[in-house]
Number of protein chains: 2
Amino acid sequence: MANRPTLKTIADRVGVTVSAVSLALRDDPRISRATRERIQQAAETLGYVYNRHAAGLRRGDSGTVAVCLNDLSNPFFTEFLGHMEARFREADRMMLFCHAHETPSIQARFIRQMAEHGAAGLILVPVAGTTREDLDGPQVRHLRDFPLVLISRDVDDTGFDRVINDDEMGIRLLFDHLYAAGHRRFAWLGGGGDTSTARDRERSFRQRMDAAGLPVTTETIHHGPTSLAFGDAMLERLLALPTPPTAIVCFSDIIAFGVLAACYRHGLRPGIDISVTGFDDMGAAAYSAPALTSVRVRTDLIGQRASELLLARMAGERHPPVREVVPPELVVRNTTGPPAHGGLVQR
Amino acid sequence: MANRPTLKTIADRVGVTVSAVSLALRDDPRISRATRERIQQAAETLGYVYNRHAAGLRRGDSGTVAVCLNDLSNPFFTEFLGHMEARFREADRMMLFCHAHETPSIQARFIRQMAEHGAAGLILVPVAGTTREDLDGPQVRHLRDFPLVLISRDVDDTGFDRVINDDEMGIRLLFDHLYAAGHRRFAWLGGGGDTSTARDRERSFRQRMDAAGLPVTTETIHHGPTSLAFGDAMLERLLALPTPPTAIVCFSDIIAFGVLAACYRHGLRPGIDISVTGFDDMGAAAYSAPALTSVRVRTDLIGQRASELLLARMAGERHPPVREVVPPELVVRNTTGPPAHGGLVQR
DNA sequence: CTACACAGTTCAATCGATTGAACCAATGCG
DNA sequence: CGCATTGGTTCAATCGATTGAACTGTGTAG
C-alpha cells in the first residue's frame, strides 16, 4: 500500500485532472479516445492499482459477494463453492468466504463482517438450527432488504430466496428402487443435524415406509454425524441386531462410504449380501468399491441458480422471495441389488 | 447500505463529536468510561455497522487476507483451507477466496483484485507452471515486499516464504516400505501437472529405483491428471502389460482410489494380489475398501505454519524468506503387502 | 455576426472513519 | 495564588475515487 500511485499521480503525469483520469480508466465516452489512451497508458506504466476502498466509500458498495458454508470436509459443499465461484468470477465479483463449522456464532460474526465490508450479496448454507430470528433479528438488521440466497438447506418463513434440492423426491427414488428389488427390512442412517435436509429426508423415508406398510421401530432409525466414522460404526451395530436390515439407506454418500468400509472388513459384498445407498452423488461415489448407488443432487444447477438469483437481486430486481426446488436424479450403481437369502420371507 | 447510521449519527444522538465516537468504539482509553459506554450503547441501539471502506481508505489496509487455491475437488486442498480459515478467524481477519482452477489468468486477476481490496497478505498454492516472473514481474509489482506465503508447491527463487511438504521423504517412506515387503516390479502413476510436487515426488521415486538397482522403463512411469478416472484407467493399462507391476505407487490418494475402484472390478484384492499406495492421506484414505496405505501430509501443520508466517509478516516482521519443509508420516493400512506368487522371483 | 449545441474537460463537494494537534477544565503542587 | 499537569474531548485535515454541475472552445445553424 505504501505510496502506490493514485489517480492524482497519473493526472499529474499526463497533465489532466483526476476527474479525467477517473472517467478514462472506466472507459467513459465523455473522455476523448486520444486522452483516454494516454491516460490508460500512463496508468499501465506507473503500475496503478485501483483502490476499492476509496471507490467503495464513495459508491457505497464494494462489488464483493459473501459466501458462507459449513463443512468443507464434505465435497458436496465444495462442489457448490466451485460452481458459484465460477459464476461470480464471470460477473467480476470477488468472493468473501467463510467456513462456519456449524457454529452459529461464526455465522453471525461473518454476517456482520461482510456487512462492514459492504458486500453486495450473501449466499448462505445456514448452520444447523438457524431460525428466522438469526437471519432477520435485531442484531443483524442489516440483512433486511439485503440480497441473500439460502442454498441446500431451508429455513422456514425467512422471506429470502432459497434454492434447495428436492429431498423428498430423492429418498422416494431410492426407497422405491430398493423396494422394487424386494427389500422389506430397512434401516435409516440419519445425519445432517438440525437442518431442513435432515428433517425432509427422514420424513420422506418414514412416509415411504408407512406407505409400504412397513413398521418403523427403534431399530430402523439411527442418528449421528455426517461422517465416515458414523457409517462405519453403525454397520457394526446393525449387524449385531437379531434380524439385521437388508437395505441401509444413508443420509449422505459420506455415511454410506463409512458403511462400505465396514462391509469390506466383514467380508460383506455390498449389492449382493446387503444393499447400501448414499445421497448427494459426489464425485467419489462412482469410484467407491463397489460403486455407490446414490441420488445426484444437482449442485451445479443449484449453485448456478443461486448465483443468478443473487446477481439479479443485487442488480435491483424486486420480486417476492422465491423457493426453487431442484429435482435430483437416481443413479443406480453396484451397492444395491435384491435382498440376499430370504429378505422377503423373513418379513 | 442505504442510509445506515454512521459515526455522525451516533455522535449527534449522544451529544459528542465523531472523534469521540470513533475512539470510544475502539475502546480507546482516552475516552472516559462513562461516555464510552453511552456511545457503545447508542451504537448498539441504532444498529451501527462499521464501514471498512472508510476505515480502510484512511488507514490504507483492510485487514483482509487473500487465499488462492487450485483444486477444490481435491479434499487435500480443502483441508488446508479449513486450517487456515480457522487461524485467520482467530486473528479476526476476513478471507478473500479464489479458486484458480490451475489457470494462470485467474490467478493473475485475483492477485490484482486482492491488491485493489487492500488485502494485507496472500497465501497461494501457485498454479501449475507458475514462475518467478508471474509473481514478481512488472504486471504484479504490487507484490514486491508484500506479505506472501506459498504453500504446498514451491517456486524456485521467488524470495517469498514457503511452507511445503517433504515430498522426497514421503516417497522414500512408501518405496522402502514396499521394497522391504519384497516388491521389485513398480509402477509410478504421476499427476499434479507442472508443479514442484509432481517433480519432487517423481524424482524421489526414480532415485529410489536407481538406488535399488531397478530399471526404470516406459512401462514404469505414467502421467495423467490427478483424478479418480486416471487411476482407474491406468490400472487397466498396467494389467494389460506382459509383466504387470506388483506395486503401484500413486502421486496422490485420489489416483490411488481410482486404482482401487478398478481393482475391485477386476476382482483383484489390493494388499494381497497387488499393492497400491497413495499420497496425502486425506480423511477418506482410512475408509476406502480396503483402507489405503498412504503418506500423511501434515496439512494442519503446514496450514498453521503458513498462517503464522503470514500474520508475522503482516505485523511487520522482517527477515529473509524462509523455506519450511514439513516431514510427512507413513501410514500403513491394508492396500500393501508382500508381492503375490513370485513377485521376487520374476525379477 | 450572434447564438447555440456539443464534445471534452475541470471544479468542487462528497462518502465515513482516523488521528495528531489543539483545546479546556479541573486538579495538584510549590 | 499562579502555574503546570493531565484527563477528556474537539478540531480539522486526510485518505482516493466519484459525479453532477460548471466551464471552455470549436463548429454549425440562423
Side-chain angles (χ1 to χ4, degrees), chain A residues 1-40 42-43 46-64 112-113 115-120 142, chain B residues 1-40 42-43 46-64 112-113 115-120 142:
Chain A
M1 286 306 266
N3 53 18
R4 293 207 288 215
T6 71
L7 292 191
K8 180 123 189 14
T9 322
I10 302 175
D12 290 349
R13 187 156 214 250
V14 178
V16 292
T17 61
V18 275
S19 322
V21 177
S22 171
L23 294 169
L25 291 182
R26 283 172 297 145
D27 280 320
D28 190 298
R30 279 177 288 182
I31 301 297
S32 70
R33 202 179 201 319
T35 3
R36 214 187 319 164
E37 277 168 4
R38 275 168 58 224
I39 289 173
Q40 288 172 346
L46 284 171
Y48 171 73
V49 176
Y50 185 67
N51 184 328
R52 284 197 194 245
H53 285 314
L57 173 57
R58 180 62 224 257
R59 305 218 291 190
D61 157 26
S62 68
T64 47
R112 178 170 52 70
Q113 290 188 329
E116 293 178 357
H117 274 272
H142 28 276
Chain B
M1 287 303 268
N3 54 19
R4 293 207 289 216
T6 71
L7 293 190
K8 179 120 190 19
T9 322
I10 302 175
D12 291 349
R13 187 157 214 247
V14 178
V16 291
T17 62
V18 275
S19 322
V21 178
S22 172
L23 294 168
L25 290 182
R26 282 173 296 145
D27 281 321
D28 190 297
R30 278 177 289 182
I31 301 297
S32 70
R33 201 177 201 318
T35 15
R36 212 184 324 161
E37 277 169 3
R38 275 169 60 226
I39 289 173
Q40 288 170 347
L46 285 170
Y48 170 72
V49 177
Y50 184 69
N51 184 328
R52 285 199 193 244
H53 286 314
L57 174 57
R58 181 61 225 257
R59 304 219 290 190
D61 155 27
S62 68
T64 47
R112 179 170 52 69
Q113 289 188 329
E116 293 178 359
H117 273 274
H142 27 275

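All values derive from a computational prediction rather than experimental measurement. Naming: A, B, ... by sequence-line order, numbering from 1 per chain.
Judged by distance alone, with hydrogens and angles left aside, Arg59(A) brings no side-chain donor or acceptor close enough to the base of dT18(D) to form a pair under 3.5 Å. Taking only distance into account, the side chain of Ser19(B) meets the base of dA12(D) through a donor-acceptor pair shorter than 3.5 Å.
The interatomic distance linking Asp27(B) (CG) with dT18(C) (P) rounds to 13 Å, in whole Å. Atoms CG (Leu7(B)) and C1' (dT10(D)) sit 14 Å apart, rounded to a whole Å. Distance CG (Asp28(A)) to P (dT10(C)): 14 Å, rounded to an integer number of Å. Atom P of nucleotide dG16(D) and atom CD of Glu116(B) are separated by 15 Å, given to the nearest angstrom. The NZ-P distance, from Lys8(A) to dA12(C), rounds to 15 Å in whole Å. Atom CZ of Arg26(B) and atom C1' of dG16(C) are 12 Å apart (whole Å). Put simply, CG on Leu23(B) is 9 Å from C1' on dT9(D), counting in whole angstrom units. Atom NE2 of His117(B) is separated from atom P of dA17(D) by 14 Å (rounded to the nearest Å).
Side-chain proximity of Arg58(A) to the nucleotides dT18(C), dT10(C), dC15(C) is greatest for dC15(C). Listed nucleotides: dT18(C), dA17(D), dT10(D). Nearest to the side chain of Ala55(A): dA17(D). Candidate nucleotides dT10(C), dG16(C), dT19(D) were compared by shortest atom distance to the side chain of Ser22(A), and dT19(D) ranks first. Counting only heavy atoms from C-beta on, Ala54(B) has its side chain closest to dA17(C) among dA17(D), dT10(C), dA17(C). Closest approach to the Ile31(A) side chain among dT18(D), dT18(C), dT9(C) is made by dT9(C) (side chain taken as heavy atoms from C-beta onward). For Tyr48(B), whose side chain is taken as the heavy atoms from C-beta onward, the closest listed nucleotide among dC15(C), dA17(C), dT19(C) is dA17(C). Of the candidates dT10(C), dA17(D), dT19(C), the closest approach to any side-chain atom of Thr6(A) belongs to dA17(D).
Of the possible polar contacts, one joining the Arg38(A) side chain to the Val14(A) backbone as a donor-acceptor pair under 3.5 Å is found. A donor-acceptor pair under 3.5 Å links the side-chain atoms of Gln40(A) to the main chain of Ala24(A), judged by distance alone. Checked by atom type and distance alone, the side chain of Arg13(B) never pairs as donor or acceptor with a backbone atom of Ala42(B) at under 3.5 Å.
Thr35(A) has no side-chain polar atom (N or O) that falls below the 4.0 Å cut-off from OP1 or OP2 of dG8(C). Phosphate contact (OP1/OP2 of dG8(D), side-chain N/O of Arg33(B), threshold under 4.0 Å): absent.
Checked by atom type, the side-chain pair Arg26(B)/Ser22(B) shows a donor-acceptor distance below 3.5 Å.
Atoms CG and CZ, from Leu23(B) and Arg30(B) in turn, are 5.0 Å apart once rounded to the nearest 0.5 Å.
Each of Gly15(B) and Leu57(A) was assigned the nucleotide of DNA chain D with the nearest heavy atom; the assignment lying further toward the 5' end belongs to Gly15(B). Heavy-atom nearest nucleotides on DNA chain D were determined for Tyr50(A) and for Arg30(B), and the one closer to the 5' end corresponds to Arg30(B).
As judged by a 4.0 angstrom heavy-atom cut-off over every strand, Val21(A) is placed among residues making no nucleic acid contact.
Heavy atoms only, all atoms of each residue included: Gly118(B) and Ser62(B) are closest at O-OG, 3.1 Å.
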